[in-house]
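In what follows, chains are A, B, ... by sequence order, proteins preceding strands, each numbered from 1. Just so you know, these numbers use all the heavy atoms, side chains as well, and skip hydrogens, waters and symmetry mates. In this text, all values refer to a predicted model and were calculated from it rather than measured experimentally.
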Amino acid sequence: MPESIEIKINGQELLVSAGTRVRDVLEQHCPEWLKNSIGVSLNDEPLDFQMPLHANGELTPLEPGGNAPSMALEMCRHTTSHVLAQAVKELFSDVQVGIGPPTADGFYYDFLREDPFTPEDLQAIEKRMRKLIKTNQKLERLEMPKEEAEMIFAEKGEDLKVELVRDKGGGQVSCYKQGNFIDFCTGPHLPHTGKIPAIKLLHTAAAHWRPKSGRKDFPMMQRIYGTAFFSAEDLETFLDHRDEAKKRDHRRLGIDLDLFHFDEKAGPGMAYWHPKGGTIRHQIEAFLCDEQLSRGYDVVYTPHIARKHLWETSGHYDYYKENMFTLDVDEQEYVLKPMNCPGHILIYEKGTRSYRELPLRYSEFGTVYRNELSGVLHGMLRVRGFTQDDAHIFCRPDQIQEEVSGALDLALHVMKTFGYDEYRIDLSLHDPSNRDKYAGDEDQWGLAESALADALDSMGLVYERQLNEAAFYGPKIDFHLIDALGRAWQGSTIQLDFNLPERFNLTYVGDDGYQHRTAMIHRAIYGSLERFVGGLIEHYGGAFPLWLAPVQVIVLPIADRHIKYAEAIAEAAEKAGLRAEVDRRSGKLGAKIRDAQTQKLPFMLIVGDRDMENQEVSVRHRTVGDLGSLTIETFLAQAVQDIEARAVREWPLRKDDAAPA
RNA sequence: GCCGACGUAGCUCAGUGGCAGAGCAGCUGAUUCGUAAUCAGCAGGUCCGGGGUUCAAGUCCCCGCGUCGGCUCCA
């Protein structure tokens with residue numbers, strides 16, 4: 001480490017000795033920062049005032065709502081987690097503290113305690129936290145030898161902290177102390193607790209103590225989640241956002257919109273699609289099916305069960321047994337398929353394949369069953385029976401890049417159609433220093449990985465390389481979709497496989513007349529229909545675009561004498577290929593509109609005396625409202641146009657009869 | 001699988017050991033109405049399932065199932 005370091009601050013260049021505290025530099029050169037900011041950042045690293053400087057760089061102030069809001073918030077939340085631990089220690093005597101880091105939108109702290117915390121406990125703890133915050137406790141950074149820290153925590157009976165200190169490398173450690181509470185922590189922290197304006201404890205949960213430490217008997221911790229913001233308004237916005245997400249919860253909307261249900265009588269993790277959910281799913285399947293047919297895919301169908309032998313060959317029986325449902329048939333063991341690949345392979349290997357007929361692209365909406373742990377099931381997003389839009393491309397090694405490009409193009413087209421305009425792409429690669437973990441040889445991996453990267457590069461796609469994240473059988477590309485609320489969802493996946501072609505000895509005859517190893521690509525665009533539709537429901541908040549809406553138009557007669565006309569209108573809509581209904585109830589128009597709005601139906605066609613006389617309909621759109629009167633032909637022409645285009649926008653019609661923009 | 005909470009009408013929920021309830025939805029009738037809730041009546045229950053305590057259990061206890069919040073794992 002150099003004796004002295006160069007620090008830029010406020011345009012000034014300084015030479016200070018390494019280890020100088022941030023506070024000392026600021027006192028001399030920028031005393032107002034000590035008052036107005038909560039810390040500094042140096043080369044994008046947050047530092048608090050008590051930390052030592054060890055690297056060259058420019059210091060910029062860290063302020064609430066400043067130019068690095070997430071860094072400042074993270075600091076605030078980390079300090080709040082210490083306050084949480086302090087409050088818990090004060091209120092409960094039988095508690096050991098664990099760890100308490102900030103998270104993406106808050107923080108948590110884990111406690112070791114016989115009894116879990118109740119909601120009443122949480123209220124009391126939050127009250128105590130507010131009290132502690134108000135006293136403007138200073139957070140004091142202490143640096144000391146490991147042994148000393150161990151002693152401090154041992155004396156307090158904090159065995160878990162002792163364990164953490166002991167496992168930490170180096171000889172010197174840091175702790176932060178506020179009031180009588182001291183925590184083993186690298187920081188950085190706010191100068192004092194008075195800088196925390198808005199807090200909220202959210203919920204409790206259980207968590208394992210250091211599950212990755214290799215300990216088998218890790219104790220169960222009681223975790224408390226909370227969040228903190230620099231203003232009450234920000235906290236309010238955050239809570240509103242949570243409520244909005246709750247309203248979009250696909251499980252809630254699945255019931256409200258009559259899309260699907262899970263039945264206790266039948267078993268957990270198995271979805272029953274109602275007619276309306278089925279309509280949505282059918283549209284989604286048909287869309288991809290058509291796309292695939294036009295892109296040279298073949299359709300195949302494979303059975304749901306197969307003898308154990310097939311799964312032994314594929315390796316699933318050894319590596320995936322825990323997750324497979326098995327059944328006895330004539331004293332033989334059969335397996336309910338957890339994946340579609342072995343079935344597609346049986347079709348491939350049934351004939352002698354020539355290099356001339358490759359690639360072969362086998363696609364299937366294949367329903368698979370996996371015995372997931374009961375605790376992980378979650379609505380449509382995590383189920384035990386689900387249908388994959390699965391395809392396996394069998395090709396020559398020299399065709400890999402083009403086939404991957406084709407799959408990428410399809411994935412991009414599909415995401416765009418559903419209005420997922422933002423996404424993240426991961427390229428998961430193997431780690432050459434960890435060879436034991438992977439099937440196939442280094443040459444294969446090199447070829448395959450560069451094929452994937454080349455395909456991404458040639459399409460100008462931005463992606464992140466994830467080292468050592470490949471599947472054991474090959475590298476892969478994963479899409480993560482960002483939905484309307486900014487949340488990420490698992491999207492398409494494209495995976496190369498070196499393992500199954502070996503296990504099944506898949507070959508093709510080359511132009512040299514010899515047999516060569518076939519390359520195999522797994523790809524799923526939706527992934528699972530269940531998960532994809534679950535995500536779509538939340539993305540659209542239940543308001544499906546016209547082409548997907550289970551009921552596209554509902555005709556609302558104003559009085560009973562208009563029912564006949566309404567039925568004629570509905571019939572015309574159906575003839576044009578729309579899904580139409582008539583509300584024949586005798587209530588007021590307002591009530592019918594309200595019900596249609598609640599069901600999020602895209603179009604209401606209101607018909608009364610005026611409309612009958614002019615042979616028109618009054619069009620109301622669920623978000624735009626009253627669109628005025630049109631002839632049914634004009635309306636249908638525009639609606640059909642939007643349906644065929646699979647438009648996702650919420651503004652499908654213009655009042656002036658012009659074609660949609 | 002593990003920790004905790006919860007499970008009452010189709011849905012949302014009240015019911016703190018003593019007659020099983022409300023709102024919405026449904027059905028019937030009245031009303032015939034122009035852009036987010038017309039009125040009245042009726043019907044609707046294995047209080048998740050099983051066992052126990054008690055004169056008496058939706059309520060208390062035990063076991064099981066399911067759901068939810070997490071941990072861990074995954075499409």
### Message
Regarding B/G34, can its base be found pairing with the side chain of A/S618 as donor and acceptor, where the two atoms are less than 3.5 Å apart?
### Response
yes
### Task
For RNA chain B, determine which residues of residues 93-107 of chain A have any heavy atom closer than 4.0 angstrom to one of its atoms, and list them numerically.
none
#### Entry: Side-chain donor/acceptor contact of A/R382 with base of B/C73 under 3.5 Å
yes
### Message
Counting only heavy atoms and a strict 4.0 angstrom limit, can you tell me which residues of residues 276-287 of chain A come near RNA chain B?
### Response
none
### Query
Looking for any heavy atom pair under 4.0 Å, which part of the strands does A/D609 touch: base, sugar-phosphate only, or nothing?
base
### Query
If you measure only the distance, is there a donor-acceptor pair under 3.5 Å linking the side chains of A/T80 and A/H78?
no
Report, one line per pair, each donor and acceptor closer than 3.5 Å where one atom sits in a side chain of residues 101-108 of chain A; sequence neighbours left out.
unit_1 : atom_1 : unit_2 : atom_2 : d
A/T103 : OG1    : A/G106 : N      : 3.2
A/T103 : OG1    : A/G106 : O      : 3.3

#### Entry: Contacts of A/D121 that satisfy salt bridge (charged side-chain N to carboxylate O under 4.0 Å, His left out) - sequence neighbours left out
none
### Task
Return each pair, listed once, that meets salt bridge (Lys or Arg N to Asp or Glu O under 4.0 Å) where at least one residue sits in residues 276-289 of chain A; pairs must be two or more places apart or across chains.
A/R281-A/E285, A/R281-A/E530
### Query
How would you label the contact of A/R251 with the nucleic acid (heavy atoms, under 4.0 Å): base, sugar-phosphate, or nothing?
sugar-phosphate
### Task
State, with a plain yes or no, whether a side-chain heavy atom of A/R370 is found less than 4.5 Å away from one of A/M339.
yes
### Message
Looking at B/A75 and A/F386: do their rings stack (centroid distance under 5.5 Å, interplanar angle under 30°)?
### Response
yes
When you compare the protein's N or O atoms with those of nucleotides 22-30 of chain B, which come within less than 3.5 Å of each other, and at what distance?
unit_1 : atom_1 : unit_2 : atom_2 : d
B/A30  : N6     : A/S586 : OG     : 3.4

### Message
Could you tell me if A/E364 and A/H344 have a donor-acceptor pair between their side chains, going purely by distance under 3.5 Å?
### Response
yes
### Task
Identify whether any heavy atom of A/I255 sits under 4.0 Å from a base atom; if not, whether one sits that close to sugar-phosphate; answer base, sugar-phosphate or nothing.
sugar-phosphate
### Set of salt bridge (charged side-chain N to carboxylate O under 4.0 Å, His left out) partners for A/R382, sequence neighbours left out
A/E372
### Query
Among pairs that include at least one residue of residues 552-562 of chain A, which meet salt bridge (Lys or Arg N to Asp or Glu O under 4.0 Å), considering only residues two or more places apart or in two chains?
A/R561-A/D609
### Query
By salt bridge (charged side-chain N to carboxylate O under 4.0 Å, His left out), which residues pair with A/R585, not counting sequence neighbours?
A/D583, A/D595
### Message
Any base atoms under 4.0 Å from A/R561, or only sugar-phosphate, or nothing? Heavy atoms, all strands.
### Response
sugar-phosphate
### Task
Under the salt bridge (charged side-chain N to carboxylate O under 4.0 Å, His left out) rule, collect the residues that match up with A/D110, sequence neighbours excluded.
A/R223
### Proximity to RNA chain B (any heavy atom under 4.0 Å), residues of residues 471-480 of chain A only
none
### Message
With a 4.0 Å limit, can you tell me whether A/R620 has a side-chain N or O closer than that to the phosphate oxygens OP1/OP2 of B/G34?
### Response
no
Which atom pairs, one a donor and one an acceptor, fall under 3.5 Å between side chains of residues 597-606 of chain A and the rest of the protein, sequence neighbours left out?
unit_1 : atom_1 : unit_2 : atom_2 : d
A/Q597 : OE1    : A/R620 : NE     : 3.1
A/Q597 : OE1    : A/R620 : NH2    : 3.0
A/Q597 : NE2    : A/R622 : O      : 3.1
A/T598 : OG1    : A/R594 : O      : 2.7
A/Q599 : NE2    : A/D256 : O      : 3.1

